[in-house]
Amino acid sequence: MTDFPYRYDVTHTTAEIVEAHSTLEAGAETEVVVTIAGRLMLRRDQGKLAFGSLQDSTGRIQLFAMAKSTPAFEDFTGLSIGDWIAVTGVVMMTRRGELSVRVDSWDVLASAQRPFPDKWHGISDPDTRYRQRYVDMWVTEEARDAFAKRSQIVASMRSILGGQRFIEVETPMLHPIPGGALARPFITHHNALGEDLYLRIAPELYLKRLVVGGMEKVFEIGRVFRNEGMSTRHNPEFTMLELYWAYADHADMMELTENLVAGVAKQVLGTTTVEYDGRNVDLSSPWRRATMEELIAEHAGVEISLATPMDELRVLCERFDVEVKDHYGPGKLILEIYEKTCEAELWDPVFVTDYPVEVSPLSREHRERPGYTERFEAIVAGRELCNGFSELTDPVIQRERFEAQEAEGAAGDDEAMVVDEDYLRALDYGLPGTAGLGIGVDRLIMLLTGTTTIRDVVLFPTLKPEPVRGGSDTVDGEPSEDDE
RNA sequence: GCCCCCGUAGCCAAGUUGGUUACGGCAGCGGACUUUUAAUCCGAAGAUCGUGGGUUCGAGUCCCACCGGGGGCACCA
């Protein structure tokens, strides 16, 4: 069972054949000879005839085999569901009008030694679907569609940004200091350096170093890692788009954001209206802008600001069932009240603006409202989609913010930032007014594909390792290829 | 980390207030069939009921612990 071909000359995909011949008359036979390859997903044997369904990455087509003309007919009817085969033959239409490829010759490319799931019901157990995605992708059409869309969405983002002359870069994933976000990092160790390193929680500080270095429009699409709980919208590793734009501010960035999201929707879906969780979402620009405090007034019915006495804010926190820690200042309390009372209520896209300085250590202070920043988040369908701001460019103020963060860390906040001296040195060389943006790519894909769990848009979501069983599945030490 | 729910053959799936030998289907195996569409028909087979304890004359079913998963909370810019 080992002598399978190393390569095979495939001439057509199933989709190409369907496209070219779908109008054939029932019973008609062409003279077009094709070679197709894929997995045998169904078989209907009928004595001296056999029908099968061959699936490739583009779709399915029926195979038509006859005892008198198909070589090794007995073996053909003995194929297992899931076997990879290649078939060569003429394109024809059966009497019942099913477009088919007649099996004039065929080869096995790989045999499926484990049985495939039920041909009709597929896999219902989510655990099996996520662990054995290689099977799920064959039997679950929605899974195939979601990952095809994912690819198109990311390609569309790249093309739109490229069209605006943004340059794509790759910055380190191994960070000596975790920075650019408030999150607990994964820690790893480099043996030769004898140093602990952190898997990045955000590329932010490196990308801004690149603006200092002269890249005026720069972005990165890549994985970030956060050592936090998992849920339907959180995977420990996820994909982030971060983008920096010199000489621009938060207002420019909001425009770019709404146009980017609406543009991707238009390109990939052909519409800016998507259905999510049973409701329509209108992504067309412009999106509403509202300050955090306006939204709190709307949804919680209370007028508050940084000028509101701490006592009053604490009372409100109690009323809205917000957990308060000792080191929380007024800005943090307002943010907590907003998240508790507003976020889940916001459906059509809203840019929430004017975040307090206290909770925005990398954002530049608002030019008209001291104590607030020029920061925004877009909330869509009750979830945070992105975060952006006019970047803090002043090294002295940035140092103060870092130090305030370190104080919070000392007070018990294990997600607080630490001082990044090299980043401050970069700022010393001068960062012009710059706007920054971060979009959770997985969440954008969920939104555009109507998916309510992130595990359905991540190919291999993080799961607990399977318990090791009795050693029968252990892989023998395969010699590793030499690194060149 | 907390709360609720789920785990029956490779896959889907029934199993009553605890009561002989755990209902079926798909796939697989044997047989019939020259235009099927989840093909159909006939036959035989396949299950330490997630794991380990406990209660009981008797446990898939009740209790406890553990393992894995789902949902929610917490966490999460």
Side-chain angles (χ1 to χ4, degrees), chain A residues 26-27 41-53 60 62-70 73 77-82 92-100 102 112-132 135-136 139 180-184 201-202 204 224 226-236 238 240 292 321 323 332 335-336 338-339 343 352 355-356 358-363 373 375-379 383-389 413-415 417 436-440 443 452-453 455 461 463-469:
Chain A
M41 297 305 286
L42 289 173
R43 204 186 55 245
R44 301 174 285 282
D45 295 343
Q46 192 166 332
K48 299 280 195 290
L49 284 181
F51 302 88
S53 299
R60 280 188 185 194
Q62 175 164 273
L63 306 176
F64 177 80
M66 288 190 294
K68 67 178 180 192
S69 66
T70 295
F73 183 78
T77 59
L79 286 169
S80 294
I81 303 296
M92 52 166 284
M93 192 68 92
T94 61
R95 283 180 210 163
R96 294 289 181 90
E98 179 79 17
L99 186 66
S100 306
R102 195 177 67 201
Q113 312 217 19
R114 294 175 189 256
F116 256 59
D118 189 289
K119 63 190 175 190
W120 187 247
H121 297 99
I123 308 175
S124 67
D125 179 13
D127 186 44
T128 310
R129 290 193 51 218
Y130 303 144
R131 282 192 203 284
Q132 301 186 42
V135 179
D136 182 44
V139 302
L182 301 171
R184 252 187 299 173
I201 56 175
E204 171 148 357
V224 299
R226 297 187 183 178
N227 206 338
E228 287 156 0
M230 292 150 64
S231 76
T232 50
R233 8 180 207 267
H234 300 266
N235 198 58
F238 62 99
M240 181 100 107
M292 182 178 287
D321 206 22
E323 195 185 336
K332 177 74 171 166
L335 175 66
E336 292 286 322
Y338 153 76
E339 286 183 350
E343 204 163 276
V352 183
Y355 280 63
E358 183 190 336
V359 295
S360 313
L362 302 168
S363 309
T373 59
R375 172 178 164 197
F376 64 89
E377 284 191 7
I379 307 297
R383 290 136 200 243
E384 179 203 330
L385 180 68
C386 69
N387 180 31
F389 36 85
D413 185 346
D414 51 11
E415 285 157 2
M417 293 178 186
L437 171 71
I439 295 184
R443 289 194 185 170
T452 52
T453 167
R455 297 183 193 94
L463 298 171
K464 280 208 184 187
E466 270 183 290
V468 182
R469 315 188 195 147

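Hydrogens, waters and symmetry mates play no part in the numbers below; they use all other heavy atoms, side chains included. A note on names: the letters A, B, ... follow the listed sequences, proteins ahead of strands, and every chain is numbered from 1.
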*asked:* Base contacts versus sugar-phosphate-only contacts with protein, heavy atoms under 4.0 Å: please encode nucleotides 43-52 of chain B as B, S and - from 5' to 3'.
replied: ----------
Remember a base hit wins even if backbone is also touched, and classify [X] as base, sugar-phosphate or nothing at under 4.0 Å, heavy atoms.
{"X": "A/Val359", "answer": "base"}
{"X": "A/Glu415", "answer": "sugar-phosphate"}
{"X": "A/Arg233", "answer": "sugar-phosphate"}

*How many angstroms lie between atom OH of A/Tyr338 and atom CD of A/Glu336, to the nearest 0.5 angstrom?*
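Answer rounded to 0.5 Å: 12.0 Å.
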*Run the salt bridge (charged side-chain N to carboxylate O under 4.0 Å, His left out) check on A/Asp127 and A/Arg131 step by step: do they pass?*
CA-CA 6 Å; A/Asp127 186 44; A/Arg131 282 192 203 284; 2.9 Å; yes
Think [X] has a side-chain N or O under 4.0 angstrom from the OP1 or OP2 of [N]?
{"X": "A/Thr453", "N": "B/G70", "answer": "no"}
{"X": "A/Arg455", "N": "B/G71", "answer": "yes"}
{"X": "A/Lys119", "N": "B/G28", "answer": "no"}
{"X": "A/Arg43", "N": "B/A39", "answer": "no"}

With [atom1] as the reference atom in both, quote the distance from [N] to [M] in angstrom, rounded to an integer.
{"N": "B/U35", "M": "B/G43", "atom1": "P", "answer": "24 Å"}
{"N": "B/G15", "M": "B/U21", "atom1": "C1'", "answer": "15 Å"}
{"N": "B/G52", "M": "B/C75", "atom1": "C1'", "answer": "33 Å"}

_Check for me whether A/Arg375 meets the cation-pi criterion with A/Tyr355, that is, NZ or CZ under 6.0 Å from the six-membered ring centre and within 45 degrees of the ring axis._
yes
_Checking A/Arg443 now: which residues fulfil side chain to side chain donor-acceptor pair (under 3.5 Å) with it, not counting sequence neighbours?_
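Partners of A/Arg443 under the side chain to side chain donor-acceptor pair (under 3.5 Å) test: none.
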*Could you tell me whether A/Phe376 and A/Phe389 have their ring centroids closer than 6.0 angstrom?*
no
*Assign each of A/Ser53 and A/Arg375 to its nearest nucleotide of RNA chain B by heavy atoms, then name whichever residue's nucleotide is nearer the 5' end.*
A/Ser53
*Value in whole Å for how far the C1' atom of B/A27 lies from CZ of A/Arg114*: 15 Å
_Checking base pairs now: Watson-Crick or wobble, both atom distances under 3.5 Å. What partners B/C73?_
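In the structure as shown, B/C73 has B/G1 as its Watson-Crick or wobble partner.
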